[in-house]
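Accompanying notes for the structure given below.
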Number of protein chains: 2
Amino acid sequence: MRCRDEIKIQQVYQKAIELIVNEGLNGFSMQKLAKAAGVSPATLYIYYKDKDDLITRLGIAEGKRMLETTVDGFDQEMPFAEGLRVQWRNRARFWLDNPMSVKCFEHLRHSPYRDKIFETIQQDFAEAMGHFVRKAVRNGELAPVPLEVYWSIAFAPLMNLVKYHLDGRSVGNKPFYLTDEILNQTLDLVLKALRP
Amino acid sequence: MRCRDEIKIQQVYQKAIELIVNEGLNGFSMQKLAKAAGVSPATLYIYYKDKDDLITRLGIAEGKRMLETTVDGFDQEMPFAEGLRVQWRNRARFWLDNPMSVKCFEHLRHSPYRDKIFETIQQDFAEAMGHFVRKAVRNGELAPVPLEVYWSIAFAPLMNLVKYHLDGRSVGNKPFYLTDEILNQTLDLVLKALRP
DNA sequence: CAAAAATAAGTGAATGTTTATTCACTTAAA
DNA sequence: TTTAAGTGAATAAACATTCACTTATTTTTG
């Protein structure tokens, strides 16, 4: 029995991400992908059931990779400020190291594939974070706010900064590069907001 | 001379937004739009030069509408907390009143049409906000932080809450409905973060 | 241990469908 | 009568997917 060419599989995967980023889900087609990856269109249908399957599985894989990085070195039982700092570090690192991945993921977030991708990924993660937050409130480290308020204050600013960074520009098209200093400065403000 | 049927023009415009929201930019096609709006495909090419033109102009129009609402009752010379509160109220109102519009805009934000749409819209707005922020720092109402940090803390949490609301669910698929109470609670935290 | 058989990987060309866009034409209003 | 709005059918290109086929690799057999 002949076995699958790992290099081709990887080529298809990587080129799919590039194509989605560069042309949008709109301009992404199976024939373009086949050409870009240097395989026959028919080969794609050996790896994936169909176009939907390809996109969905790609999104799930990238999402998992992202969440795994996020919780690297994180522990639910950490002091609040420390746990948040670890997550900021991790998320920032992943985003800065994997711009293609993140940009691709953003496309999928705003597409009809969203539901299928997220229902698979998010479950465990949300539970762990829920525990972390409730514990912080009990310990008087975190103002008692609804989970959604917490999440919006705690992470939306970070995501926004990274968005600017990946775009290379911020408000009013001003050029922007994300530095550790800016990151820490913002995290300090966030911690100030969340302290009881 | 026969003149354009305003009702048809509006039908096309509204159905375009609906189609983009429901099927993504991916599933959006001129023939589907024509059928949904009850006109001939050829009619679309009377109103718009081509598909790109349609999408771009739609995005610009919706973006302008959004920004105009945002600065309703806002004045650069307002005290900081008040100015920010006005903008939060306005943005929240627009987003809650125009969910289709906002969802459509989110699709366009993450598409290759982004650049064309934003370069047209954002200029004046960014300048006015720059002034508002610098003045607030001078007056000791706002911690002296870079514009991007300010913007990320000041608005990203709001946008995130609205995103949850429009999705109908938040972290971990928890059902979510945005109330005034949650909005004010979050704004209070934001103001706390930004106070010197 | 090699030759043959078996099996799944991989292919280029083809299929039928959907796409954006155009065109020759009709219709309504000025 | 003139003019632009509006049309349904047509066109060529691009699309997702399939198919008959070849190729590489493993397993079985003599």
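Each chain gets a letter, A, B and so on, in the order the sequences are listed, and its residues count up from 1.
- Evaluation of the ring-ring contact (aromatic ring centres under 6.0 Å, His included) rule for Phe94(A) yields no partner, not counting sequence neighbours.
- Under the salt bridge (Lys or Arg N to Asp or Glu O under 4.0 Å) criterion, Glu106(B) pairs with Arg109(B), not counting sequence neighbours.
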How does protein contact run along nucleotides 22-30 of chain C, one letter per nucleotide 5' to 3', with B for base contact, S for sugar-phosphate only, - for none, heavy atoms under 4.0 Å?
BB---BBBB
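- Partners of Arg2(A) under the side-chain contact (heavy atoms from CB on, under 4.5 Å) rule, at least two apart in sequence or in another chain, do not exist in this structure.
- Evaluation of the ring-ring contact (aromatic ring centres under 6.0 Å, His included) rule for Tyr113(A) yields no partner, not counting sequence neighbours.
- A salt bridge does not link Lys163(B) with Asp167(B): none of the charged nitrogens is closer than 4.0 Å to a carboxylate oxygen.
- Residues forming a ring-ring contact (aromatic ring centres under 6.0 Å, His included) with Phe28(B) (at least two apart in sequence, or on another chain): none.
- Taking the six-membered ring for Trp, Phe132(B) and Phe74(B) have ring centres closer than 6.0 Å.
- Regarding Ile46(A), its CD1 atom lies at a distance of 12 Å from the C1' atom of dT23(D), rounded to whole Å.
- Here the P atom of nucleotide dA20(C) and the CG atom of Asp53(B) are 14 Å apart, to the nearest Å.
- Remark: Phe28(A), Ser29(A), Met30(A) in residues 14-30 of chain A come within less than 4.0 Å of DNA chain D through at least one heavy atom.
- In this structure, NZ of Lys32(B) is placed 16 Å from P of dT21(C), rounded to the nearest angstrom.
- Contacts classified as ring pair (Phe, Tyr, Trp, His ring centres under 6.0 Å) and involving residues 44-72 of chain B (residues at least two apart or in different chains) are not found.
- Atoms CD (Glu6(B)) and P (dA5(D)) sit 12 Å apart, rounded to a whole Å.
- Rounded to an integer number of Å, the gap from Asp5(A) CG to dT25(D) C1' is 13 Å.
- Applying the side-chain contact (heavy atoms from CB on, under 4.5 Å) criterion to Glu119(B), with sequence neighbours excluded, gives no partner residue.
- Gln31(A) has its CD atom 15 Å from the P atom of dT18(C), to the nearest Å.
- Rounded to an integer number of Å, the gap from Gln11(B) CD to dG6(D) P is 13 Å.
- Between Ile9(B) atom CD1 and dG6(D) atom P the separation is 7 Å, expressed in whole Å.
- Residue Lys8(A) has a polar side-chain atom (N or O) positioned under 4.0 Å from OP1 or OP2 of dT11(C).
- When heavy atoms are screened at a 4.0 angstrom cut-off, Tyr47(B) is found touching the sugar-phosphate backbone but no base atom.
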